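For reference, the structure is listed below as structure tokens.
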Amino acid sequence: QVCKRKCTEVQRCTPCKQPRCAFAAPSEGLEHGGVGAGGGGDGGGRGEAASNSETGHCHHPVCPIPSSSSSENFVASLGLQVLSHLTVKERCLCASLVCKYWRDLCLDFQFWKQIDLSGLQQVNDDLLVKIASRRQNVTEINISDCRGVHDHGVTSLASHCPGLQKYTAYRCKQLGDISVVALATHCPLLVKVHVGNQDKLTDGALKKVSKSHLRDIHLGQCYGITDEGMVALARGCPKLQRLYLQENKMVTDQSVRAVAEHCPELQFVGFMGCPVTSQGVIHLTALQNLTVLDLRHISELNNETVMEVVRKCRKLSSLNLCLNWSINDRCVEIIAKEGRSLKELYLVSCKITDHALIAIGQYSSTIETVDAGWCKDITDQGATQIAQSSKSLRYLGLMRCDKVNEETVERLVVQYPHIVFSTVMQDCKRTLERAYQMGWSPNTSNSS
Ligand SMILES: *[C@@H]1O[C@H](CO)[C@@H](O)[C@H](O)[C@H]1NC(C)=O
Ligand SMILES: *[C@@H]1O[C@H](CO)[C@@H](O)[C@H](O)[C@H]1NC(C)=O
Ligand SMILES: *[C@@H]1O[C@H](CO)[C@@H](O)[C@H](O)[C@H]1NC(C)=O
Ligand SMILES: *[C@@H]1O[C@H](CO)[C@@H](O)[C@H](O)[C@H]1NC(C)=O
Ligand SMILES: *[C@@H]1O[C@H](CO)[C@@H](O)[C@H](O)[C@H]1NC(C)=O
Ligand SMILES: CC(=O)N[C@H]1CO[C@H](CO)[C@@H](O)[C@@H]1O
């Protein structure tokens with residue numbers, strides 16, 4: 001955080017926003033539901049999910065390779081930012097050592113405790129080695145999308161920074177087991193490892209990590225991981241609270257069972273797109289503190305299992321069942337009745353009709369967010385009745401529910417101002433409104 005604040009001018013790879021769709025590249029956190037893989041809660045985009053699911057995946061926009069001069073720009077802009085925080089004497093010193101920026105600028109220990117280098121193409125092993133040799137107090141580092149960093153750099157960092165607690169390295173496909181093993185070996189305080197989309201990772205790394213005190217691990221789209229590694233991880237990390245997997249095609253029910261049995265503190269669990277079935281999911285009923293469960297698009301899931309999880313996991317507050325046709329009205333009714341703590345329910349592209357929405361309105365006094373996008377059988381009646389009868393509802397996703405008339409939604413927006421209704425039209429309107437508020441005005445010139 002600290003680094004980010006001080007380096008706001010640093011050239012970043014801004015176009016690297018996560019696409020929000022059912023098969024999106026992994027991103028931070030499980031706290032956000034919806035169809036986007038953990039995408040933020042800014043309303044838009046939820047419904048695009050199902051359309052992307054038809055093509056199987058969506059492409060993560062590739063960061064543009066910076067121009068040759070941007071390396072200097074990067075250092076210069078970082079320098080300017082940092083200089084403004086230094087004393088005159090320090091500034092003179094620094095200014096006279098322009099080419100030694102990395103060594104001389106960062107005199108403030110605090111400055112380097114949490115380092116977010118994500119998306120900076122200029123970051124390479126040398127830089128990590130320098131940071132590591134100068135600052136041994138690094139507690140958090142994020143090198144997501146840093147293609148110039150290799151196992152050597154991470155190993156050097158790990159061996160010099162025994163206090164490292166949080167390591168984030170999404171989409172660093174060049175990194176392999178060596179870096180994770182080094183972290184596990186040298187950093188006894190390590191609690192968070194987010195390495196989504198590192199397909200060179202194998203079970204070997206997980207076996208090493210399993211001797212640590214991990215609480216939070218994200219291995220989405222690490223295609224080399226199998227049950228063997230997951231079982232070792234589960235056995236070795238009884239303190240695990242967050243586990244996120246996505247499209248790990250060799251992770252099956254055996255892993256689900258292992259984590260349910262060995263990691264009783266689990267709160268956030270996701271298995272989106274993994275070959276996981278009801279036989280595994282049923283074991284999650286043992287997790288007393290489970291609050292967020294993401295079961296999007298898993299191989300097989302029956303309604304009875306879902307109902308059992310909702311009954312047993314009394315703290316469950318967010319449940320994501322998108323993209324499964326076995327989730328029907330009756331199932332949603334039970335969820336609404338039994339989910340005493342449930343606040344978010346994601347049902348995009350499930351086999352539900354108006355009855356499901358009506359049941360939520362009638363039986364749940366806790367559910368605030370319902371996303372029923374792409375549920376093509378939903379009509380005005382369902383949308384109207386849930387808005388009318390629910391005391392708790394604050395968000396209703398109706399993207400591509402084409403049987404719901406936009407005029408009806410317009411009316412609901414006026415009638416129930418405390419509820420955000422999400423349709424293509426409503427989302428466009430909100431986007432425009434925000435743009436106006438930020439000073440944008442339409443280009444009325446017609447010189448085309
Ligand atoms: C780490 O930080 C503490 C203060 O928070 C400081 O006293 C110590 O010297 C630092 N250690 C290293 C190796 O930088
Ligand atoms: C990188 O990690 C830091 C700290 O964990 C986090 O605040 C930041 O949002 C992350 N950035 C990306 C692009 O993931
Ligand atoms: C569940 O959470 C409660 C309250 O935070 C805590 O006291 C308890 O130890 C947790 N149970 C497990 C099994 O982690
Ligand atoms: C669950 O699904 C099965 C198969 O589709 C169906 O026969 C059964 O009635 C459903 N149970 C409930 C409670 O809806
Ligand atoms: C407005 O649009 C016209 C043509 O579409 C374009 O030539 C012009 O540069 C635009 N003006 C601004 C201020 O963007
Ligand atoms: C992704 C998906 O659709 N998974 C399952 C949803 O439910 C049906 C019916 O039970 C299964 O056959 C699918 O495999």
Side-chain angles (χ1 to χ4, degrees), residues 28-33 38 41 139-140 165-168 184 187-195 206-220 227 229-246 248 251-272 274 276 278-295 298 301 305-321 334-346 364-369 392:
E28 282 279 346
L30 296 165
E31 47 274 279
H32 313 294
T139 58
E140 289 182 32
Q165 293 167 22
K166 300 184 182 178
Y167 172 72
T168 307
C187 310
L189 304 178
L190 197 66
V191 291
K192 169 180 165 179
V193 173
H194 282 201
V195 289
L206 294 196
K207 286 177 189 167
K208 265 290 196 222
V209 163
S210 73
K211 310 242 165 21
S212 64
H213 296 99
L214 274 195
R215 290 180 182 278
D216 180 355
I217 192 158
H218 187 314
L219 299 166
D227 283 334
M230 287 305 300
V231 171
L233 182 81
R235 292 219 170 103
C237 302
K239 298 274 174 204
L240 212 56
Q241 292 180 347
R242 291 166 174 253
L243 168 67
Y244 190 76
L245 297 174
Q246 180 183 330
N248 301 75
V251 168
T252 73
D253 290 337
Q254 207 190 330
S255 297
V256 186
R257 180 174 185 164
V259 297
E261 284 177 356
H262 299 290
C263 312
E265 296 183 25
L266 274 170
Q267 295 171 10
F268 296 75
V269 175
F271 286 105
M272 174 178 175
C274 296
V276 159
S278 300
Q279 270 96 57
V281 172
I282 196 69
H283 295 285
L284 298 177
T285 52
L287 299 174
Q288 288 309 301
N289 283 350
L290 190 65
T291 51
V292 177
L293 180 58
D294 184 349
L295 296 175
I298 64 171
L301 185 64
T305 304
V306 172
M307 292 183 265
E308 200 55 20
V309 170
V310 171
R311 280 194 196 103
K312 293 274 168 62
C313 302
R314 310 300 296 173
K315 292 188 185 170
L316 194 63
S317 84
S318 175
L319 181 59
N320 197 325
L321 300 170
I334 308 263
I335 292 171
K337 284 179 177 165
E338 301 275 341
R340 291 276 146 246
S341 310
L342 206 57
K343 286 195 158 75
E344 301 172 1
L345 184 55
Y346 300 96
S364 173
S365 55
T366 56
I367 294 179
E368 296 170 1
T369 296
S392 51

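What you are looking at is a predicted structure, and each value in this text was computed from that prediction instead of being measured. Counting starts at 1 for both ligands and their atoms, following the listed order. The figures here come from the full heavy-atom set of this structure, side chains too, leaving out hydrogens, waters and symmetry mates.
One N or O on the side chain of Ser341 and one on the backbone of Arg314 form a donor-acceptor pair closer than 3.5 Å. In this structure a side-chain-to-backbone donor-acceptor pair under 3.5 Å is present from Thr366 to Leu342.
Partners of Ser317 under the side-chain hydrogen bond (donor to acceptor under 3.5 Å, both in side chains) rule, at least two apart in sequence or in another chain, do not exist in this structure. In terms of the side-chain hydrogen bond (donor to acceptor under 3.5 Å, both in side chains) criterion, residue partners of Thr305 (sequence neighbours excluded) are, by chain and number, Ser278, Asn302.
Protein residues having at least one heavy atom under 4.0 Å from any atom of ligand 3 are Pro264, Glu265, Asn289, Lys315, listed by chain and number.
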Just list the side-chain donor-acceptor pairs under 3.5 Å for residues 231-241, sequence neighbours left out, or say none.
none

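Interatomic distance, Ile335 CD1 to Met307 CE, rounded to the nearest 0.5 Å: 8.0 Å.
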